[in-house]
Amino acid sequence: MKILLVGSGGREHAIALKLLAAPTPVKLFAAPGSDAIGELGTCLPFEADDLAGITGWAAENRPDLTIIGPEAALVAGLADSLRALGLAVFGHDAKTSRLEGSKSFAKDFMHRYHIPCAASVSVSELNNGEAIISTWTHGYPIVLKADGLAAGKGVVLATTQEEALATLQRFLDGQFGDASRVVLLEAPLLGMELSLHVLVDVDATHARYVMLPPCQDHKRIFEGDKGPNTGGMGAFGPIPFLKAEDITLLRDALVVPTVRGLQKEGLKARGVLFLGVMWTTNGPQLLEYNCRFGDPETQVLLQLLNEDLPQLLLEVAEGRLDRERVKLNPGCAISVVLAAEGYPDAPKKGVPIEVGTPSLTVIHAGTLRVDGRWVTNGGRVINLCTHAGNLASARERVEEGMESIHWPGMQYRKDIGLRALRHAEAGRTVRDAW
Ligand code: AMP
Ligand code: GLY
């Protein structure tokens with residue numbers, strides 16, 4: 001199968017490895033890929049958001065399947081251009097990707113289909129926003145969200161009125177260009193956050209989906225969930241204390257109305273939806289939709305998935321997903337992010353990485369090969385991934401594997417999965433205080 005993979009990060013390196021490990025023989029092309037992905041296939045000189053370049057190449061080379069990783073390419077309409085050529089694409093078209101590309105669009109959608117979510121109001125004028133903030137009754141922190149794509153930096157949890165006002169002003173002044181000219185002010189939700197990925201295949205004639213196991217990311221840079229937000233410092237899954245009935249509740253409260261809503265609104269879907277969920281004392285509430293796989297969640301999910309990935313994604317891309325569940329490996333998977341010095345503000349690039357012979361899977365997220373050596377080339381540099389019988393042993397294995405990789409200034413969290421492990425070991429459920 002000739003596959004074009006769009007993207008260059010850890011998520012895409014993990015997808016590339018899983019594609020090549022499948023029973024289906026794969027010839028891999030990547031746009032733009034990375035030096036690590038280049039060891040598995042051919043990298044093309046097109047950035048992920050270079051619609052013209054990628055579409056031109058695809059018209060000539062006709063891949064059997066294109067998999068689009070990053071949201072910017074989806075929101076910009078890359079899937080639409082490729083489908084117009086009659087090609088099979090795993091990735092939503094621009095209209096459906098607005099569920100991630102516009103938070104107010106997503107919120108209106110949630111309300112129309114009675115999907116539980118935080119109260120919010122969308123604002124585009126400073127005076128109006130100031131009035132709302134000064135009479136805010138939903139409690140603190142006030143959650144301010146830039147409406148459009150802001151590379152994971154468009155959400156601020158303001159703990160004071162002053163901070164909320166200053167953030168609102170910065171956003172409306174164009175901190176993220178047009179992406180922050182509309183701002184969502186949202187009530188805070190407290191509880192346990194989880195990432196729910198669902199493969200979806202929806203058009204006018206059918207509405208099918210398959211849920212992947214809920215997993216958990218760790219957004220803050222420091223242990224104990226302290227410090228600034230990042231793209232994610234590590235993930236694990238499945239969540240050991242989530243029971244079958246909890247998954248059923250996630251399905252009924254969030255997934256089923258989403259899929260019905262997509263069909264009702266004529267929003268075709270052929271790809272993955274990643275639901276950011278907060279499990280509160282009132283049950284699961286939807287924080288946001290993403291129209292793509294999470295990073296580093298993908299590094300976890302692909303270790304758990306016991307399927308021929310090219311065939312599974314092709315089924316979705318061709319609109320013939322026809323199964324209620326996917327086959328999974330037993331046990332638990334974990335992915336710990338090794339980040340550069342200075343991440344998330346100003347990651348230091350070009351630092352040589354010492355890599356021994358790790359017993360674990362090394363996923364490259366932001367590296368470059370220079371004179372035969374790997375050097376840092378991004379904020380999140382490497383993901384160390386493993387799979388074991390349970391969360392405790394997965395954590396131990398990844399801790400041992402840490403010894404084989406090092407560079408000056410490397411940062412990582414030693415507590416990925418620890419809070420969930422303690423919660424499970426204490427016999428608590430998702431309904432107990434997190
Ligand atoms: P988002 O980009 O919407 O996922 O927001 C980024 C992060 O902000 C989420 O992963 C949550 O940790 C946090 N967040 C978003 N919305 C809320 C909310 N209403 N209450 C509390 N935390 C939130
Ligand atoms: N790990 C969170 C995300 O991919 O948005």
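What you see below is based on every heavy atom in this structure, not just the backbone, and it leaves out hydrogens, waters and symmetry mates. Each ligand, and each atom within it, is numbered from 1 in the order the structure gives.
- For ligand 2, the atoms sitting less than 4.0 Å from at least one non-hydrogen atom of D217 are 1 (N), 2 (C), numbered in the order shown with element in parentheses.
- Geometrically, R98 engages F105 in a cation-pi contact, judged by NZ or CZ lying under 6.0 Å from the ring centre and within 45° of the ring axis.
- Screening K103, H138, K145 against E186 for a side chain to side chain donor-acceptor pair (under 3.5 Å) leaves a single residue, K145.
- Between the side chains of Y140 and E163, no donor-acceptor pair is found at a separation under 3.5 Å.
- The backbone of A187, and not its side chain, has at least one atom closer than 4.0 Å to an atom of ligand 1 (non-hydrogen atoms only; backbone = N, CA, C, O).
- Counting protein heavy atoms only, atom 20 (N) of ligand 1 is closest to L189 N, 2.8 Å.
- In plain terms, the two heavy atoms of A164 and L144 that are nearest each other are O-CD2, 3.6 Å.
- Shortest contact from atom 8 (O) of ligand 1 to any protein heavy atom: V155 CG1, 3.6 Å.
- Ligand 1 is never approached by Q285 to a heavy-atom distance shorter than 4.0 Å.
- With hydrogens left out, the protein atom closest to atom 23 (C) of ligand 1 is L287 CD2, 4.0 Å, a heavy atom.
- Here is the list of ligand 2 atoms found below 4.0 Å of a heavy atom in G231: 1 (N), 2 (C).
- Where the criterion is an N or O separation shorter than 3.5 Å, residue side chain and backbone included, D295 meets it with respect to ligand 2.
- In the displayed structure, R112 atom CZ is contacted under 6.0 Å by more than 12 heavy atoms of other residues, nucleotides or ligands.
- Here the side chain of S134 pairs a donor or acceptor atom with the backbone of A131 at under 3.5 angstrom.
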**OP:** Kindly indicate, with the supporting measurements, whether the criterion side-chain hydrogen bond (donor to acceptor under 3.5 Å, both in side chains) is fulfilled by D93 and T96.
**Re:** CA-CA 6 Å; D93 59 23; T96 304; 3.0 Å; yes
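- Atoms of ligand 1 lying under 4.0 Å from at least one heavy atom of K145, given by number and element, are 3 (O), 15 (C), 16 (N).
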**OP:** Under the side-chain contact (heavy atoms from CB on, under 4.5 Å) rule, what do Y343 and M233 come out as? Steps first, then yes or no, please.
**Re:** CA-CA 11 Å; Y343 181 69; M233 291 298 289; 3.8 Å; yes
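- The nearest protein atom to atom 19 (N) of ligand 1, hydrogens excluded, is given as E186 OE2, 2.8 Å; this is a heavy-atom distance.
- When each atom of ligand 2 is checked for a heavy atom of G294 under 4.0 Å away, the hits are 4 (O).
- Under the salt bridge (charged side-chain N to carboxylate O under 4.0 Å, His left out) rule, D225 has a single partner from R419, K219, R220, which is R419.
- Scanning the protein heavy atoms around atom 11 (C) of ligand 1, the nearest turns out to be E193 OE1, 3.2 Å.
- At a heavy-atom cutoff of 4.0 Å, ligand 2 is contacted by the side chain of R292 but not by its backbone.
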**OP:** Would you please test W136 and L185 for side-chain contact (heavy atoms from CB on, under 4.5 Å) and show each step?
**Re:** CA-CA 10 Å; W136 187 253; L185 303 177; 4.0 Å; yes
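- Taking any N or O of E297, backbone or side chain, at least one lies under 3.5 Å from an N or O belonging to ligand 2.
- Once rounded to the nearest 0.5 Å, the distance linking CH2 of W374 with CD1 of I353 reads 8.5 Å.
- Of the protein's non-hydrogen atoms, the one nearest atom 2 (O) of ligand 1 is E288 OE1, 3.2 Å.
- In this structure, the protein non-hydrogen atom closest to atom 13 (C) of ligand 1 is L157 CD1, 4.2 Å.
- No part of F293 comes within 4.0 Å of ligand 2, judged by heavy-atom distances.
- Ligand 1 places these atoms under 4.0 Å from at least one heavy atom of V143: 16 (N), 17 (C), 18 (C), 19 (N), 20 (N).
- S195 and E297 share a donor-acceptor pair across their side chains, judged by distance under 3.5 Å alone.
- Using a 4.0 Å cut-off to heavy atoms of P188, the atoms of ligand 1 that qualify are 20 (N).
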